[in-house]
Amino acid sequence: MSQNDLPPHAHEHPRQKHGLIGKRLPLVDAWRKAAGQAVYTDDIHLPGELVGKILRSPHAHAKILSIDTSEALAMDGVHCTLIGKEAPNSFGVLPVSQDETALAVDKVIYLGENLAAVAADTEEIALEALSRIKVEYEVLDSFLDMEQSCREISDDLKIHSKVVGNTNIHKEVHQDFGDVDKAIAEAAWTKTQRFLMPGVTHAFTEPMCTLAWFNADERLTLWSAQQVPHYLQRALAKVLEMDMHRIRVVRPTVGGGFGGKSDPFPHEMVAALLSRKCKKPVRILFDREEVFYSNHGRHPSKIQMTLAIDKDHKISGMDLDCLIDGGASGSFGVVTTYYNGVLANGPYRLPNFRYHGRRVYSNRPPSGAMRGHGAVNTRFAYEVLIDEACADLGEDPRDFRLNNALEAYTKTINEFRITTNGVVECIERATEAAGWKDKFGKLPHGHGIGMACGFYISGSALPIHWDGIPQSTVHLKIDIDGGVTIHSLAAEIGQGSDTMLAQIVADVLGLPIHYCRVFSEDTDTAPLDLGSYSSRVTFMAGNAARMAAENMRKLLVAAAADLTGYPSEHFVMEEAQVVNATMPEVRVDYMEALKRAMKDCGALQSSGAYQAPPMGGKFKGAAAGLSPTYSFQSFVVELSVDPLTCKPKLHEIWAAHDCGRALNPLAVEAQIEGSVHMGLGQVLCESFDYNKANVLNPNFLDYRTLSPTETPAIHPILVETMDPEGPFGAKECGEGPLLPILPAVANALHDAIGIRFYEMPITADKIYRAVQKQKKLARRNLVQG
Amino acid sequence: MKSTGKRILKLSINGTVHECAAEPQALLLDVLRNELGLFGTKRGCDMGTCGCCNVLVDGQVQMSCLLLAHDMTGKEIETIEGLFDVGDPRGLHPLQRAWAEHGGSQCGFCTPGFVMTAKALLTEEPDPSEERIREALSGNVCRCTGYKKIVEAVQSAAAEIRS
Amino acid sequence: MILPTFELHQPSSLAELRAICTGLETTGESYDFMAGGTDVLPNYKNRINARSHVISLSKLEGCNTIAVDRIGALASLTDIARHPELGRHYPGLVEAAGQVSSPPLRNMGTLGGNLLLDTRCYYLNQSEFWRASKGYCMKADGDVCLVVPQKEICYATYSGDLAPVLLTLDATLHFHDIHGQDEAAERSVPIREFYALDGIQRFHKAPGELLTAISIPENARQLRTGYHKLRVRDTIEYPVMGVAMALSSKAGKIERLELAVTGAEAIPIHYGDLGFTGRQIDDGCADELRAALCSRVQTYRNVPFPPSYRKAMAGEFAGDLLMKLGD
């Protein structure tokens with residue numbers, strides 16, 4: 001495969017001199033946010049709105065025998081109550097896993113599940129009303145560990161009806177490429193290792209909030225902190241049995257998502273149902289504990305990996321088994337099950353690969369998609385084992401990775417189409433900046449340096465719903481004020497997608513960025529976009545925006561040609577003028593060209609769309625992990641271990657990321673730095689802890705995200721490979737940079753103290769215990785020696 | 001459920017005295033948001049562990065989710081809405097400007113709490129070290145930025161205010 | 001999260017406070033004093049032992065002055081942490097104050113609040129919903145301990161940072177008793193006699209007694225003090241092990257040693273010298289001290305970090321403090 005085999009991309013127009021692409025620009029909403037003026041869902045208030053509150057299940061697994069809401073309903077100030085039987089239609093983000101309901105219908109399947117709801121005048125009344133709802137249960141055996149969910153069970157203990165055989169396994173996947181057994185048998189180095197990762201959650205600062213208003217026009221408007229307004233609109237239509245066009249989803253400013261606001265959620269259904277029932281606006285605002293019950297975070301994982309390295313120190317095979325805990329519902333879990341395996345096919349050549357993946361249902365809060373979806377835990381295992389192999393084989397982990405790096409423009413064994421690939425440059429630049437050669441293996445005991453690489457999709461090539469329509473569409477409108485209105489449904493969740501759209505459109509039209517105003521919050525006005533997940537927005541919505549802007553430019557250039565009599569292909573747009581590139585003195589002011597273009601049709605409109613080209617193999621599950629392009633990373637971490645407490649202290653992090661092209665270096669750095677912070681949390685101190693069925697730490701005191709004092713200096717290194725299909729060469733930067741940080745920390749710990757860790761989080765107590773064991777062994781060896 | 005009823009109270013917020021009614025157990029955060037429409041102060045964890053609701057009380061940073069509104073009478077409260085700079089076309093305080101220009105906000109939900117905390121710091125220490133900035137901000141949690149650009153924003157604003 | 005309904009009282013003087021308390025006691029109503037509110041209000045939000053009356057001390061005049069020998073109970077933790085004279089004489093005290101929670105909560109929290117901090121436990125510091133689903137524990141609404149299933153004693157962990165330091169300094173607590181003769185009446189209790197080993201009772205303080213100040217004996221100034229705190233992050237969190245040491249030594253020999261521990265049992269524990277007075281301070285001595293303290297400390301599985309690690313850290317901290325504070 002070569003660069004020439006790629007589908008033709010929009011040809012390069014004559015470029016303006018002072019473009020916006022590659023400029024370090026503040027995000028378009030930065031001033032509003034700094035002023036405290038950004039409007040989040042809980043900042044919107046409607047006249048006469050009610051407080052919605054949800055009663056939650058105190059049991060992990062139980063049949064609901066009866067629910068009596070009469071006493072609650074009789075209270076002054078209570079407008080209505082709601083139970084699951086009133087809205088039994090199931091929904092879910094994936095068409096294959098429609099297993100969530102607004103409220104539990106026949107049985108409850110996790111502690112904290114939504115069970116009944118009330119709408120009342122005040123929070124006090126609503127809470128009191130909840131306490132007056134009487135529920136009778138028949139408690140069932142609960143499934144609280146993954147192996148238990150794999151066992152044979154009777155039908156009544158199945159958490160959902162659609163499972164693998166007579167178990168609570170939700171999804172099982174087998175893939176086998178090449179001859180793994182042979183690779184292992186002939187390996188110069190091989191090891192089988194088990195890894196354990198508890199669940200982690202997004203921990204966005206803005207708790208979920210939703211405001212529903214079913215009004216007298218029989219139209220429902222739902223304001224909700226969402227990453228994917230479109231899927232929410234679909235789910236609402238199904239649950240409420242309403243036409244989709246009568247449902248308007250509005251996404252106000254979102255206080256962080258990271259995957260945790262990308263499913264349609266039961267509480268959103270509940271707010272809508274309550275509002276329809278009592279004909280008033282209803283708000284549901286979660287407290288922090290409720291956010292933990294909603295979860296949909298990273299799956300707890302048990303991973304067993306066998307890695308084989310041949311005599312030339314080439315990776316020759318991998319046998320991978322992942323058992324992941326999906327909790328009580330499907331969510332994105334079928335995708336997660338695949339991703340845990342298939343995303344091991346980069347950034348190294350892997351000629352033989354076998355994968356067995358299982359996702360189980362359990363009576364836990366649901367797992368779902370979280371930044372680095374599906375790739376994080378397997379990446380940890382892979383990069384730690386590589387480091388271990390290097391130590392045994394006496395090879396520098398940097399050189400080993402360089403020797404094994406995938407080429408650009410190649411195909412992996414599972415038929416991923418690899419195009420641009422900056423992994424070699426990432427490795428070289430990160431290790432160079434870190435002073436790797438002078439430090440690795442040479443720092444004093446207790447002080448270490450480690451590295452790891454990463455590989456991630458830049459948008460899923462195949463959409464969740466197979467409608468055959470573009471995955472991203474962008475509309476532009478320019479009216480007499482000259483402002484360019486950008487309509488898109490790509491959700492701005494803080495990652496800067498509005499800025500990206502504005503920057504691309506302004507660049508193509510040669511306008512200062514303030515001419516652009518982005519309307520990306522409203523399903524009534526925006527053309528379809530599949531939303532902000534799977535790191536797809538820059539690539540897909542960015543391409544759509546570019547096409548829309550190019551189509552708009554044609555109208556303006558034609559008007560300039562009309563006014564001046566020169567051929568339109570001579571014109572470029574720059575600095576708010578339409579300029580004849582061959583005779584720069586021939587130019588038309590933007591506003592003048594605009595008026596001319598509007599002469600016959602009024603406001604100008606244009607459209608652009610993106611759909612991923614066909615790709616991938618024909619085998620079962622071939623679609624999983626396909627992406628129009630992939631991002632690559634290599635990180636180096638330097639740290640030390642506190643001699644007293646064994647607390648790891650991070651010193652510096654060098655984070656090289658192949659982003660294709662940095663459309664806005666400030667925003668790309670921001671994504672890298674944020675990813676590093678989140679990954680550090682998982683490897684060092686975050687975990688979803690349980691005591692039997694109860695989440696032990698459903699709060700920000702005990703679910704610990706790193707504070708400013710523990711977060712080290714992060715040096716982002718932007719590697720640009722100019723992706724031929726990305727908008728101006730760009731690819732993703734929001735998720736891939738999370739992957740390498742976790743194994744890089746584990747590898748640096750090994751360099752510091754000579755101990756491997758296979759369980760996350762690697763907390764001080766685990767390090768201390770391992771160090772004590774190491775000391776004891778050393779003493780024994782000394783005595784025996 | 002027995003309610004002792006709302007009582008009138010006067011709060012001095014951003015230099016203006018507001019009279020409102022609140023129950024004895026009302027929290028400052030609730031009164032700011034629900035009674036006075038000052039939505040810039042955010043509700044993050046509601047338990048004193050995230051800093052999204054930080055405001056200044058007599059110049060000192062405190063958490064409005066753990067302050068009783070009635071205890072705030074006679075004190076000067078400052079919220080994000082009170083920050084401004086007449087010399088700036090956007091009306092923004094140097095900290096707010098620096099926050100925008102240096103990428104201190106991504107989702108922005110933690111921003112008001114961080115900015116208020118930073119303001120208290122710079123009032124007391126015009127030229128803090130990076131370590132001191134991180135320590136002063138250590139009651140605030142940001143899930144987006146990794147703090148680097150936040151620290152840079154504070155350093156830049158400090159330099160501007162000093163000059 | 002809304003608070004449960006309560007009546008709020010805001011006395012501005014001790015006389016007013018006495019009148020309010022007496023009135024409430026006459027009608028048999030329960031009340032809590034609230035200083036900074038950073039401990040009381042989260043517990044109230046979780047509906048843990050909330051009372052129908054709260055007496056806020058925010059308007060109370062006095063009780064917040066800081067001197068080297070006497071510190072008002074309403075002095076803020078920030079003011080203590082930054083007090084230069086205290087820092088000169090009792091660096092361990094200002095270190096401990098400077099490590100409580102996070103900067104904004106130190107601005108709100110007080111010395112008195114920290115000393116009287118309620119005990120903490122995974123099974124207790126949860127919402128009403130959580131505790132109901134688990135089954136209530138004996139400290140709030142239930143009758144059995146969920147950490148060590150029995151009915152005799154609550155094992156929740158004492159989590160104040162200042163008490164261990166003040167235990168090593170042999171401080172005295174001063175209370176105003178609203179039932180006393182007059183406003184000047186004061187009950188003084190040595191801090192070493194104040195705490196009572198039970199997570200529910202916690203200390204010997206009668207209802208109506210208001211902690212107004214602590215005093216530190218002058219001879220404590222000869223001691224070198226230090227405090228080490230264990231928590232997962234460097235901020236926000238409570239100590240899950242804290243060791244305070246006060247030491248005087250001469251020619252490398254221990255003259256006086258005071259050790260105290262927080263973040264372990266239901267109260268802060270004063271261990272005294274553990275028999276190390278007179279010992280030469282060296283690595284061997286530090287090792288023995290590590291082992292001695294480690295074997296004495298009791299920890300339970302009810303706060304972050306495993307009990308064995310927290311115990312080990314008690315020893316490590318003591319050994320480290322000895323080597324640091326020894327001359």
Side-chain angles (χ1 to χ4, degrees), chain B residues 1-7 9 22-30 34 43 45-75 113-114 116-118 120-121 124-125 131-141, chain C residues 1-12 29 32 34-48 50-61 76-79 81-82 98-109 113 125-127 231 233-238:
Chain B
M1 180 189 29
K2 124 189 116 98
S3 173
T4 47
K6 288 189 174 183
R7 280 198 239 153
L9 77 161
E23 300 206 319
Q25 76 276 13
L27 294 158
L28 177 62
L29 175 62
D30 291 317
N34 302 342
R43 182 191 313 278
C45 73
D46 236 341
M47 283 286 188
T49 52
C50 77
C52 290
C53 69
N54 285 5
V55 298
L56 303 192
V57 178
D58 290 339
Q60 226 185 17
V61 63
Q62 301 201 3
M63 293 178 154
S64 65
C65 72
L66 295 181
L67 291 169
L68 294 181
H70 285 276
D71 272 349
M72 294 295 106
T73 54
K75 297 182 189 293
F114 264 101
M116 298 315 289
T117 309
L121 170 69
E124 220 169 277
E125 299 175 45
E131 192 185 350
R132 182 67 192 106
I133 293 170
R134 286 181 181 267
E135 198 276 328
L137 299 178
S138 66
N140 296 69
V141 170
Chain C
M1 270 168 102
I2 50 171
L3 286 164
T5 308
F6 56 72
E7 188 50 80
L8 178 68
H9 308 269
Q10 298 166 296
S12 57
E29 305 223 46
D32 269 325
M34 185 183 95
T38 58
D39 184 35
V40 171
L41 293 183
N43 281 347
Y44 269 47
K45 284 189 176 186
N46 280 334
R47 274 53 181 175
I48 297 167
R51 300 177 196 263
S52 50
H53 292 262
V54 169
I55 302 176
S56 165
L57 305 175
S58 69
K59 310 278 177 195
L60 193 64
E61 301 284 328
S76 81
L77 295 166
T78 299
D79 288 346
R82 291 184 184 172
Q99 290 183 61
V100 176
S101 189
S102 68
L105 289 184
R106 289 199 289 276
N107 289 339
M108 299 160 72
N125 299 100
Q126 303 283 3
S127 69
R231 49 182 164 178
R233 292 172 291 182
D234 302 331
T235 181
I236 302 177
E237 295 165 30
Y238 292 93

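Numbered from 1 within each chain, the chains take letters A, B, ... in sequence-line order.
Taking OG1 of Thr5(C) as the start and CD of Glu23(B) as the end, the distance is 6.0 Å to the nearest 0.5 Å. With rounding to the nearest 0.5 angstrom, the CZ atom of Arg7(B) is 6.0 Å from the CG atom of Leu8(C). Taking CG of Leu41(C) as the reference point, atom CG of Asp46(B) lies at 11.0 Å (rounded to 0.5 Å). Summarising the geometry, atom CE belonging to Met47(B) is positioned 12.5 Å from atom OG1 belonging to Thr38(C); distances are rounded to the nearest 0.5 Å.
For Val57(B), no part lies near chain C; criterion is any non-hydrogen pair under 4.5 Å. In this structure, the portions of Asp71(B) lying under 4.5 Å from any heavy atom of chain C include both its backbone and its side chain. For a residue to count as touching a neighbouring chain, one of its non-hydrogen atoms must lie under 4.5 Å from one of that chain's; by this rule Thr117(B) does not touch chain C.
Scored by the side chain to side chain donor-acceptor pair (under 3.5 Å) test, Asp32(C) finds Tyr44(C), Arg51(C) as partners (sequence neighbours excluded). By the ring pair (Phe, Tyr, Trp, His ring centres under 6.0 Å) test, Tyr238(C) is found to be paired with no residue, residues two or more places apart in sequence or in another chain being considered.
Contact annotation: the side chain of Thr49(B) never approaches that of Leu105(C) to less than 4.5 Å [non-hydrogen atoms, C-beta and beyond]. Contact check for Ser102(C) versus Met63(B): side-chain heavy atoms found under the 4.5 Å cut-off. Pro104(C) has its side chain out of reach of Gln62(B): every pair of non-hydrogen atoms, C-beta onward, lies at least 4.5 Å apart. In this structure, the side chains of Pro103(C) and Glu135(B) come closer than 4.5 Å at one or more pairs of heavy atoms.
At distances below 3.5 Å, not a single donor-acceptor pair connects side-chain atoms of Lys45(C) with backbone N or O atoms of Leu66(B). Listed for the Thr235(C) side chain is a donor-acceptor partner under 3.5 Å among the backbone atoms of Ser138(B). Without hydrogens or angle criteria, Gln10(C) side chain to His70(B) main chain gives a donor-acceptor distance under 3.5 Å. Of the possible polar contacts, one joining the Asn107(C) side chain to the Val61(B) backbone as a donor-acceptor pair under 3.5 Å is found.
Closest approach of Met1(C) and Arg43(B) over heavy atoms only: N-NH1, 3.7 Å. Of all heavy-atom pairs spanning Leu68(B) and Leu3(C), the tightest one is CD2-CD1, 3.7 Å. The minimum heavy-atom distance between Gln25(B) and Pro4(C), with the atom names listed, is CG-O, 3.4 Å.
Heavy-atom pairs under 4.5 Å with chain B peak, among Arg82(C), His9(C), Met34(C), at Arg82(C). Ranked by heavy-atom pairs shorter than 4.5 Å toward chain C, the options Leu67(B), Leu137(B), Thr73(B), Leu29(B) are led by Thr73(B).
With hydrogens and angles left out, the side-chain atoms of Ser58(C) and Lys75(B) include no donor and acceptor closer than 3.5 Å.
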